[in-house]
Every structure is written in structure tokens, then in C-alpha cells.
Amino acid sequence: MEKKDRRLSIRLPAAVLDALTRAADADRRTVGNLAVKILADWLAREGWLATDDVVPRRRRP
């Protein structure tokens, strides 16, 4: 059975969203993609997620 992505809606302080948007632009990612990468990296580092479970990719140039 294929796993489907799920939606999560969260509120962020304006300063956090602004910084995330700038970082995503600099890394050529969407804001959502960078948020997934940040969360997945932290979860993997803390042992909650296998590192190959989620691999968000950058946008093409």
C-alpha cells in the first residue's frame, strides 16, 4: 500500500516565516519543501525517523 502525503496547517510567527522564506529562496526550495527537510532532519537526528523515509528535493534551476 502506497503512503499518501498528509496536510498539516500551522501558525508561525511572522519573523520565523520570513526567515524560512528567505532560506528557502536561497536554497532554491519551496517553503513547504524546506520545512519538511528541517523537520525530517531533526526527526532523523533524534531517532524518530529513518533517514531514507523522507527525501525532499530542491527545485530545478
### Query
To the nearest 0.5 Å, what is the distance between CG (Asn33) and CG (Asp27)?
8.5 Å
#### Entry: Where Leu34 and Ala24 come nearest, the two heavy atoms and their spacing
CD2-N, 3.4 Å
### Query
Which residues satisfy the side-chain contact (heavy atoms from CB on, under 4.5 Å) test with Leu17, sequence neighbours excluded?
Leu12, Thr21, Val31
#### Entry: Partners passing salt bridge (Lys or Arg N to Asp or Glu O under 4.0 Å) against Asp41 (at least two apart in sequence or in another chain)
Lys37
### Query
Roughly how far apart are Ile38 CD1 and Arg29 CZ, rounded to 0.5 Å?
9.0 Å
### Query
Is there a path from Leu39 to Leu8 through hydrophobic residues (I, L, V, M, F, W, Y) whose side chains come within less than 4.5 Å of each other?
no
